Amino acid sequence: MSILVNKDTRVLVQGLTGREGRFHAEQMIKYGTKIVAGVTPGKGGQEVLGVPVYDTVSEAVANHQIDASIVFVPAAAAADAALEAAHAGVPLVVLITEGIPTLDMVAAVKEIKDLGVRLIGGNCPGLISAEETKIGIMPGHVFKKGRVGLISRSGTLTYEAAAALSNSGLGNTTTVGIGGDPIIGTTFKDLLPLFNEDPETEAVVVIGEIGGSDEEEAAAWVKEHMKKPVVGFIGGRSAPKGKRMGHAGAIIMGDVGTPESKLKAFAEAGIPVADTIDEIVELVKKALS
Amino acid sequence: MKLHEFQAKEILAKYGVPVPPGKVAYTPEEAERIAKDYGKLVVIKAQVHVGGRGKAGGVKLAKPEESREVAGKILGMDIKGLTVKKVLVAEAVDIAKEYYAGLIIDRSSQRVVLMVSKEGGVDIEEVARTNPKAIVKYAIDPHKGLRPFEAREVVKKAGLEGNLNRLASAIVKLYNAFVGSDASLAEINPLVVTEQGEIIAADAKIDLDDNALFRHPDLAKLREVEAEHPLEIEASNYGFAYVKLDGDVGIIGNGAGLVMYTLDLVNRAGGKPANFLDIGGGAKADVVYNAVKLVAKDPDVKGIFINIFGGITRADEVAKGVIKALEEGLVKVPVVMRVAGTAEEEAKKLLEGKPIYLYPNSLEAAKAIVTMVGGAK
Ligand SMILES: Nc1ncnc2c1ncn2[C@@H]1O[C@H](COP(=O)(O)OP(=O)(O)OP(=O)(O)O)[C@@H](O)[C@H]1O
Ligand SMILES: [Mg+2]
């Protein structure tokens, strides 16, 4: 078991004919992901990696059953591509693209949510259910099937944490990179209920960072509803105020987004916080023993 | 990207928000000429990318005959570390009331939020702390935009006094300017009601969304390179996410999250990072070479810590780039590396016998580099 996606999930790749789309589609296929179709406007009728390409998502949907779409479309057209998938009835849209205009996301996130579609990202590495399916750009080999769910705003740090969990023998169920932008489709608190109900997930790791208040909202949810242990981590604890640390969303504005506020919220919810990646493993082990 | 007040006011004026007539001057003589042209009381305002100019003495009223002297005092002034190189000379307005109107992108409601307050003229963060009830907030539906009736309701709720239709109309136009220029923040503070009952934006602040600059080439041109750190300019030419910091440990990593974590580890070990540098995903040897070259060039840097977790990025590509920079003699300070993930073994083989301290663990590497630059501070 896993959340959101498994080995049977049929995936559409938007932007399959582009450099990024083609490269990662190949990696996903190698991992075992069922990629059934691609979409690139104006390139319908081609075949890439043995996968048929359509001009529009609705044509792809008319010819295949599609459970999820992954979007590799350049920033200027990315929100539009995500909306296209949502309107065509694809229930899960994973938006990898970095650098999407924020107001595009404000409008798209609302519209996609109103359609009842789940959007993950943008500016995210995607999601992976270990040894089943990868709908993203992460290095698949560091994820070993196991017991821990992982949600993160960062890419590389996710791989670090997943590798550490795998090497320790704890392993991963589903890992979701929710993205480093200020406006994203799915936040920590949207995913915690799914992990709470997933029989294979025994503990959840939340890798947050400075900026915004998603960690605080997640902590409040955990305090009220979570039946399983949660371990936290906050990146950028030593970052200066007002400076954007790589991610568009990793910035402390006035009193909002400080590590102090996040650490306090985690403490109040009884969530132990790891100072290092290695400590994440120790805290999960402790919580499960 | 931050805009100057005069640039923000140009945008507002384009969208129909009333602003006082004003021009930019680079010398006291120019300021005087502009003031004499207006022939009445003016306000001379420092144009720097920082708040609190008024408190710092960077905003002063002047009669035309005083304007040269006043401008002379403000030009060259240091405000929070920035030198004033230009001033806005604007016609003074007869202030009856000073209000606040602002728009931000609110992450938790995921909408553009309008904030209006009777307590204008002062720092809004100060109002938020001392009297949060004085700020009325309203989350705007992105598909409907801000309609006049909504603006009127907010104006009433906030208790602003003055012509209701004109106040609401200025706020709707502020919203149109925000969306039209892809801002991330837009503020009028103070939004002035004059003794004559006119509504006018006496101060304006607009930050633009960097991600959207590609569709505003006219606004993208307003970027002021000389206001940034020279290393930040060079880094942006290479396409790196780079932030100059005030310590002495140069940091290079792949992925913003990992780089932030690396800064935290150096801090934990008692050291201070000199920069944040993310080489991004999938970087090849030449990209890494440029990153090392850039960080080694920083005179503050006494040691470099390169932290790599190979995913899409191959650790051996990173090693090749680092070795090339070392062999060209570009690096005069100790280099500590930690590599893991994709192509880790190949990287370690390449690095064997090279003048690099290799550590298997990030925290150990952080401790080592801190010791090498002279220990915890
Ligand atoms: N055109 C004008 N006519 C008369 N008074 C003005 C004018 N512009 C500004 N002032 C006065 O000066 C005060 C401070 O000016 P302003 O708001 O532009 O700077 P500030 O808020 O101190 O700067 P910052 O935006 O950097 O925080 C205003 O609150 C207002 O009372
Ligand atoms: Mg002001």
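Below, read A as the first sequence line, B as the second, and so on, with proteins coming before strands; counting in each chain starts at 1. Given the structure is predicted, the values throughout are model-derived calculations rather than measurements.
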Counting only non-hydrogen atoms closer than 4.5 Å, does [X] touch chain A with its backbone (N, CA, C, O), its side chain (CB onward), both, or neither?
X      : answer
B:L213 : neither
B:A212 : both
B:I105 : side chain
B:I104 : neither
B:L263 : both

At a heavy-atom separation under 4.5 Å, does [X] approach chain B through its side chain, its backbone, both, or neither?
X      : answer
A:A107 : both
A:P240 : side chain
A:V106 : both

Residue pairs involving residues 251-261 of chain B (criterion salt bridge (charged side-chain N to carboxylate O under 4.0 Å, His left out); sequence neighbours excluded) =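 Every pair satisfying salt bridge (charged side-chain N to carboxylate O under 4.0 Å, His left out) with a residue in residues 251-261 of chain B: there are none.
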
Closest-packed option against chain B by number of heavy-atom pairs under 4.5 Å, given [options]:
options                        : result
A:A75, A:G211, A:A163, A:G180  : A:G211
A:P139, A:A239, A:P125, A:P259 : A:P139
A:G140, A:A76, A:G257          : A:A76
A:I207, A:I137, A:L103, A:V109 : A:L103

note = If you tally heavy-atom pairs under 4.5 Å between each of B:F240, B:F178, B:F214, B:F309 and chain A, the highest tally belongs to B:F309

Are there any donor-acceptor pairs closer than 3.5 angstrom between chain B and chain A, and if so, which ones?
unit_1: B:R107; atom_1: NH1; unit_2: A:G249; atom_2: O; d: 2.8
unit_1: B:R107; atom_1: NH2; unit_2: A:G249; atom_2: O; d: 3.0
unit_1: B:Q110; atom_1: OE1; unit_2: A:K113; atom_2: NZ; d: 3.0
unit_1: B:Q110; atom_1: NE2; unit_2: A:I184; atom_2: O; d: 2.7
unit_1: B:R129; atom_1: NH1; unit_2: A:D255; atom_2: OD2; d: 3.4
unit_1: B:H143; atom_1: NE2; unit_2: A:A107; atom_2: O; d: 3.0
unit_1: B:D209; atom_1: OD1; unit_2: A:T102; atom_2: OG1; d: 3.4
unit_1: B:D209; atom_1: OD2; unit_2: A:T102; atom_2: N; d: 2.7
unit_1: B:D209; atom_1: OD2; unit_2: A:T102; atom_2: OG1; d: 2.9
unit_1: B:N211; atom_1: ND2; unit_2: A:I100; atom_2: O; d: 3.0
unit_1: B:R215; atom_1: NH1; unit_2: A:D104; atom_2: OD1; d: 3.3
unit_1: B:R215; atom_1: NH1; unit_2: A:D104; atom_2: OD2; d: 3.2
unit_1: B:R215; atom_1: NH2; unit_2: A:D104; atom_2: OD1; d: 2.7
unit_1: B:N254; atom_1: O; unit_2: A:T156; atom_2: OG1; d: 2.9
unit_1: B:Y261; atom_1: OH; unit_2: A:I277; atom_2: N; d: 2.9
unit_1: B:D264; atom_1: OD1; unit_2: A:R237; atom_2: N; d: 3.0
unit_1: B:D264; atom_1: OD1; unit_2: A:S238; atom_2: N; d: 2.9
unit_1: B:D264; atom_1: OD1; unit_2: A:S238; atom_2: OG; d: 2.8
unit_1: B:D264; atom_1: OD2; unit_2: A:G236; atom_2: N; d: 2.8
unit_1: B:D264; atom_1: OD2; unit_2: A:R237; atom_2: N; d: 3.0
unit_1: B:N267; atom_1: ND2; unit_2: A:S238; atom_2: OG; d: 3.2
unit_1: B:R268; atom_1: NH1; unit_2: A:D275; atom_2: OD2; d: 3.1
unit_1: B:R338; atom_1: NH1; unit_2: A:E160; atom_2: OE2; d: 2.5
unit_1: B:R338; atom_1: NH2; unit_2: A:E160; atom_2: OE1; d: 3.0
unit_1: B:R338; atom_1: NH2; unit_2: A:E160; atom_2: OE2; d: 3.3
unit_1: B:T342; atom_1: OG1; unit_2: A:H141; atom_2: NE2; d: 3.4
unit_1: B:N361; atom_1: ND2; unit_2: A:D278; atom_2: OD2; d: 2.9

inquiry  = Checking A:M245 against B:V243 for the side chain to side chain contact (heavy atoms under 4.5 Å, CB included) test, could you report, in this order, the C-alpha distance in whole Å, the side-chain angles of both residues, the deciding distance, and whether it holds?
reply    = CA-CA 7 Å; A:M245 305 307 278; B:V243 182; 4.3 Å; yes

